[in-house]
Every structure is written in structure tokens, then in C-alpha cells.
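Since the structure is predicted, the reported quantities are computational estimates derived from the model, not experimental observations. Throughout, protein chains are lettered first and strands after them, A, B, ... in sequence-line order, and every chain is numbered starting at 1.
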Protein chains: 2
Amino acid sequence: MAVTIKDVAHASGVHVSTVSRAFSAAHLVNPETRARVIAAANTLGYRPNRAARALSTRRTGNLGLIVADIANPFFPPLIKAAQAHARRSDHHVFVADTDEQARAEEELIRSMATQVDGALLVAPRLSNRLIAELSADVPFVVVNRQPANLPAVLMDVASGARQALEHLASLGHREIALLTGPRASWTNQRLEGAATDAAEHHGLHLHRLGPNQPTEEGGSAAAPDVLASGATAVLAYNDLVALGLLQELRARGLAVPGDLSLVGVDNTHTARHCDLTTIDMPTAAAGRAAIDLLLHRITSEDDPGTVTLDTRLVVRGSTAPPAH
Amino acid sequence: MAVTIKDVAHASGVHVSTVSRAFSAAHLVNPETRARVIAAANTLGYRPNRAARALSTRRTGNLGLIVADIANPFFPPLIKAAQAHARRSDHHVFVADTDEQARAEEELIRSMATQVDGALLVAPRLSNRLIAELSADVPFVVVNRQPANLPAVLMDVASGARQALEHLASLGHREIALLTGPRASWTNQRLEGAATDAAEHHGLHLHRLGPNQPTEEGGSAAAPDVLASGATAVLAYNDLVALGLLQELRARGLAVPGDLSLVGVDNTHTARHCDLTTIDMPTAAAGRAAIDLLLHRITSEDDPGTVTLDTRLVVRGSTAPPAH
DNA sequence: GGGGAAACTGCAAACGGTTGCATGAACATC
DNA sequence: GATGTTCATGCAACCGTTTGCAGTTTCCCC
């Protein structure tokens, strides 16, 4: 059905190997011959068969991109940027969703292993041991996590967290609640560490509340604890949590930022529209950087190391001086 | 490096063809032999090579999913649902983003053609002629568009639009602005048609304004025309347009829903948080339905027809009776 | 106990490319 | 003019799996 290298060879009167070389090793074939081959290929509409090529070269030209939840607004900008960047070096990207389950993640990686040259794991839930084990089969680059000996891209929330606490301190807040996220999350660990240090530095009292589910439900469920803590400002694990809390507070008749100031993390599309002060995560840049590392790792085998990207506070209308 | 069928054959003392059959045609091999083969495969960690399999079966087990803009919040729930659904029948999904450009879309399809068993085109920008031409190479299923002779899934905004106009009419609005989207958009055509009919039915005056860019910028840019039209309520092409307009109106000191009522389309995550009345699009259901049609089309070759899904109005806080 | 069907299994040719090696021509070198 | 290079191309094996065909064994039935 489809036109193959053999058809092109026949049409241009050369051997298949010459056609192959005309495409993948131009310098090995006479320019005139090559022109004839290319011309024939074009009129026939020849497209190399990737599967066949993969079989002999052991390169599929495909990458895997594995995220916890495609519909979580944190991920799409990263996916978009990574995909677009991969296309520039003629790679296709499998995108898959683990639904936040480590089990699904492992199975996904295993099932993709024979089909990709490498994979991007974004905030994986897998144990370090398992990641190390699987990385024997497929080159990995990890985003927002730092397993030993694997190239990684980190969006370091610490810089943004420092700015956030400084911002709150300068508004006059003294009692700050920190809504923590999943224990295993690297971002959560950095956030907690940086917030603790910055609180001490500015003489603030930090109420750690959590761990919370990294969802709207997690945010609204945290409302009672937040109110009980006596905090006048809240730094939430991410925008979803912040927005869930926001909704719950408003439902209880409280004003934001009047009664309580609120800071999120991620700077999602929704945060922009809800006028939420938040810490911007460079998701698109991270996606591109991760693809760069991955392609480097694939072609040159050595560890390209770690890239750390800074974050910054975006001040909007959900923060103001405390009430009384 | 990797474990192949040959290793398994050797380990279990049978020919490679028997190993192959043990996996893909169980009934052709003696249960005991099969058990031995499976056991050997498991201890060796054998995983079939998809590329090799694709070469002889002409089935890759891969699907393509092509959308205009991954980061547009309309798409991720569809992508997520489609991907998850495809996984259930052991298919992997390439996700690609055309950045709204027809040219990129065509090239993407061509480059994927040899690697996928079929593709989902969501709201494609391509001409009908080109879609027909390309569909000779790859089985397509189209979402929110209706080219002749291709299976399609349609999220029919008409039902929701009728509910929206009825809602606005019952609140007492008489002058309604419709912010139209891209001319070529099937959704836009349905929206315009349904709004026109419903306006007539309820005795409303409909001001068609557009076409507008289907983005926040499009929405904010439309503000002057909306105000000049004298409308007291607006139905926007999608949530992004509605939210862009909302922001611009508030920046001008106008109240929503006080001075102007606002209805969007899509029911994105952001609309939920911004308390925007909107028309819910069944994106996840559409993703699943589209995968079903595609798999049907791939395995049985005949046209599985068209699936139409209804939409419904979700009333929130951005609509209220007109001011005066 | 001979014939035939049924159940397994092996053989080998595909599938569509890539690539190391061999071949031959053209050309330069001494 | 014999020798050695370089360049361009052909030949054929190989990548890992599937599958039509043929061979072998077992079993059934008359």
C-alpha cells in the first residue's frame, strides 16, 4: 500500500541502499544520484517508515512524557512547551497520565520502554529505587524531583517563597499559615524549608498545616484549621489548594484579602483570572530544558546534570495588610 | 541488550515462532508449552518490541491526538480522557499541538502517518479537501467538525445556547450581544445559528459582534463594541473570551453581573472559579467517544458514523436581571 | 492396524529500513 | 604502466516479530 524505499529505488534506477543513504547519509552518495532519488521520492510521496528504521538503528525518534494529571492546570503549559521543543528535532511525544498512581506510572514506563528513546518524568511518585531500576531500560530526565545520578530540571520554589514571606511581612502580617502538600513532593519539601527559614528571618510565626491533598478539596478542607490557627495570611502548596480555600472562605462570609491574605503556587491560568497572588513556576522553560537534557542524554550517554530554575512572586489582589 | 523473543525461545527450548504464538495466538500452542514460555519470559523480563511487531502486522498500537493548543484549558480534560481510554485497549497516544496553524497540522499528520493506526483531529483548521486527502493515509476521527464521510464526535452547543438565551430572557434581558468566534469553527456556526433562532423565539434582539479571536485578548478587545451595542447581556464564543471581556469591563469600573450579564462556553476550570455562568461542554465524554469511534474504524474499516453530545447551561454568578 | 483428522511445532520468508563489506571505476602517484 | 586512493554503488545480513506452510505426533474410528 504505502510507498517504500524499494519503490523509490526502482523508480530512480538505483539500489535500495543508495536510496537509504540519500536520506540518512547524504555525503556518501553522488549529488546527481541523490537529486534523482529525492525527486523520485517526492513524486511518489515517499515517507520513511519509522518502525522499520527503529528496528535497525535502535532509535525510534519518540519520547515519553509522563505526568500525574494532564487536566491539572499546572501541567499543560509544560506539555505544550516540551512537545513543541521536541518537534524541532523531529521527535514525537507520547503523553501519558498516571492519575497520581505510582503503580500506573511504573506500568506506563515499562510499556513505553520499547517504543521511546527516553522519557520525561514530571514530579514522579515512584520510589527512588524503582526509578533507578527503570532507568536502566530507558534514559530518564526528571522534573521537580532529584533522584541520585539522574539528570533533572528543578523549579525551585524557594526563591519565590522567600519573596512571598517578605511580601507578607512588609504588609504587616505576623501569623502565617503554610498549607503543606504531599510529603513525598520535592516542591513541598523546598517550600517548607524555605518558608521556615524566611519566617525566622523576618520574625514571623509559621503554622504548618498539613499534609493536604494538592487539590481544591484539600484547600477547602483546610479552612477550619486555618481559621483556628489565628493566622492572618496563608501560603498554600499550590493554586488549586489556594482556590479551594478561597471558595470555602467566601462561602463562610469571610473576605479575601480583607480577613485573610492568600498566596498560591504555580501561577496557573486560573490564578491569573481570580486575582490570586502566587508564585510563578517556569513550567514552559522547564519543559524545554528537560527536552534538551533528554536529547543530550540520549545522544551522548553522559549525565548532563541538573538545571535549576528560579521562581518569583506575582503580587495580585489576594494579599493586603491584616484587618484589625 | 534488550531481551528478545529469541532469548525466550532459547531459554524455554522452543522455536521463536512458538514464543510468538504463545503471546499473540494462545490457542495455537499447547497449554504446558505456553506456561513454560511465559515463565521464561517473565524471569527474563521479556517485553515484545512494538516496532518489530508493527513491521509485520502493520499495526503500531499508537494513536495520534492533534489539538490546536494544549494549554487552552478546553483541551486538557479531553486529552486526559482520550489517553486514559486508549490505554484500556493498550494503545499509546502521541499528543501534538498545532499552535492553531493549518500548515503545522498538515505536516504533523504526515509525519505521524507511518507511526499511528489512526488519529483524532480536534477542531481541525485544515480544509475539507485536505482532510479528505490525508484520510487516505490515516484513519481519522474528527471532533467538533463535520467533514463528509468521516466519523465525527460533535459537542453540540445549540442545546446549551437555547438554555442560555432562555435564562437571559427570563431574567428580563432584551438586548443580547453574541461575541462570535472564528468563521471556520463548526462550534461557532452552531452557536450563531442556535442563538439566532432562540433570540427570535424569545423576542430578543441579538447583536452579532465578531469574529473575535478565541482568546482573552479577543474578549477584552471586544469591550468597546459590546458597550456601544447597548446590550445588557453577552454570550461569548468561549470562556476565554468571556473572561477577557470580564477583566476589561471590571478595569473600566463596570460591574458584572450588575451592569452586564455574561455567559461563556466550555465550562473550563477557570470559569468555575470565576463564578462564570457558562455552557458545559462534555469534553471528557467526547474524548472517550472519539477513541471508541477511532478504534472501531481501525479494526472494522467501515464508517462508524457520527456521535452528537448535548451541552447544558451552568448558571453561576455572572448573570442577573438587567440594571435599570 | 491403517487412514485421516486434529493438535502442535518448526521452518523460512516476509515487513522496511540500515550498514559493513566488496566491487568497480576514475584518478593520482611515482 | 603498475600501484594505491578515493568515491560511488551494490550486495546481503541483520534488526525482532509474525505467519503461511509443512512436518510430526497423537488420537480416533472403522
Side-chain angles (χ1 to χ4, degrees), chain A residues 1-38 40-41 44-62 90 92 110-117 137, chain B residues 1-38 40-41 44-62 90 92 111-117 137 299:
Chain A
M1 202 74 233
V3 18
T4 76
I5 212 174
K6 206 177 291 181
D7 302 321
V8 178
H10 191 252
S12 49
V14 298
H15 195 262
V16 290
S17 55
T18 302
V19 177
S20 172
R21 283 189 277 252
F23 283 98
S24 44
H27 64 282
L28 290 180
V29 24
N30 183 313
E32 282 174 29
T33 314
R34 182 170 132 86
R36 238 172 49 232
V37 169
I38 302 283
L44 291 175
Y46 167 74
R47 290 260 163 177
N49 179 323
R50 292 262 201 161
R53 179 175 283 177
L55 206 50
S56 47
T57 61
R58 298 160 170 294
R59 278 286 159 72
T60 61
N62 298 332
D90 202 26
H92 286 145
R110 294 216 134 98
S111 74
M112 273 188 184
T114 61
Q115 285 213 99
V116 299
D117 299 336
D137 294 350
Chain B
M1 201 77 232
V3 178
T4 76
I5 214 174
K6 207 178 289 181
D7 302 320
V8 177
H10 191 251
S12 50
V14 299
H15 194 263
V16 291
S17 57
T18 302
V19 177
S20 171
R21 282 188 279 252
F23 283 98
S24 44
H27 63 282
L28 290 180
V29 24
N30 183 314
E32 282 173 29
T33 314
R34 182 170 132 87
R36 240 173 47 234
V37 169
I38 302 281
L44 292 176
Y46 168 73
R47 289 259 163 177
N49 180 321
R50 292 261 201 160
R53 179 175 284 179
L55 204 50
S56 49
T57 61
R58 298 162 167 294
R59 278 287 160 74
T60 61
N62 299 331
D90 201 27
H92 287 145
S111 74
M112 272 189 184
T114 61
Q115 286 213 97
V116 299
D117 299 336
D137 294 350
T299 52

Which part of the nucleic acid, if any, lies within reach of [X] when heavy atoms closer than 4.0 Å are counted: base, sugar-phosphate only, or nothing?
X: A:T18; value: sugar-phosphate
X: A:Y46; value: sugar-phosphate
X: A:R47; value: sugar-phosphate
X: B:T57; value: sugar-phosphate
X: A:S20; value: base

Check if the side chain of [X] and the base of [N] share a donor-acceptor pair of N or O atoms closer than 3.5 Å.
X: A:R50; N: C:dG16; result: no
X: A:R21; N: C:dG17; result: no
X: B:S56; N: D:dT18; result: no

Mind calculating the distance between [atom1] ([X]) and [atom2] ([N]) to the nearest angstrom?
X: A:Q115; N: D:dT17; atom1: CD; atom2: P; answer: 13 Å
X: B:L28; N: D:dT18; atom1: CG; atom2: C1'; answer: 12 Å
X: B:L55; N: D:dT17; atom1: CG; atom2: P; answer: 12 Å
X: A:N30; N: D:dT9; atom1: CG; atom2: P; answer: 5 Å
X: B:N49; N: D:dG16; atom1: CG; atom2: C1'; answer: 6 Å
X: A:R58; N: C:dT18; atom1: CZ; atom2: P; answer: 15 Å

For B:H15 against B:A9, the heavy-atom pair lying closest together: C-CB, 3.9 Å

Taking every non-hydrogen atom, the tightest pair across A:G61 and A:R50: CA-NH1, 3.5 Å

Looking at CD of A:Q115 and CD of B:Q115, how far apart are the two atoms once the value is rounded to the nearest 0.5 Å? 8.0 Å

side-chain contact (heavy atoms from CB on, under 4.5 Å), that's the test. Do B:V14 and B:R36 meet it? Break it down for me. CA-CA 10 Å; B:V14 299; B:R36 240 173 47 234; 3.5 Å; yes

Do B:H92 and A:N62 touch side chain to side chain, with heavy atoms closer than 4.5 Å? no

A:S20 side chain vs A:V16 backbone, donor-acceptor pair below 3.5 Å: no

Do any side-chain nitrogens or oxygens of B:T33 fall under 4.0 Å of OP1 or OP2 in C:dT9? yes

For DNA chain D, what residues of residues 4-15 of chain A have any heavy atom nearer than 4.0 Å? A:V14, A:H15

Could you walk me through whether B:L44 and B:V8 satisfy the side-chain contact (heavy atoms from CB on, under 4.5 Å) test, starting with their C-alpha distance in whole Å, then the side-chain angles of each, then the deciding distance to 0.1 Å, before giving a yes or no? CA-CA 7 Å; B:L44 292 176; B:V8 177; 4.2 Å; yes

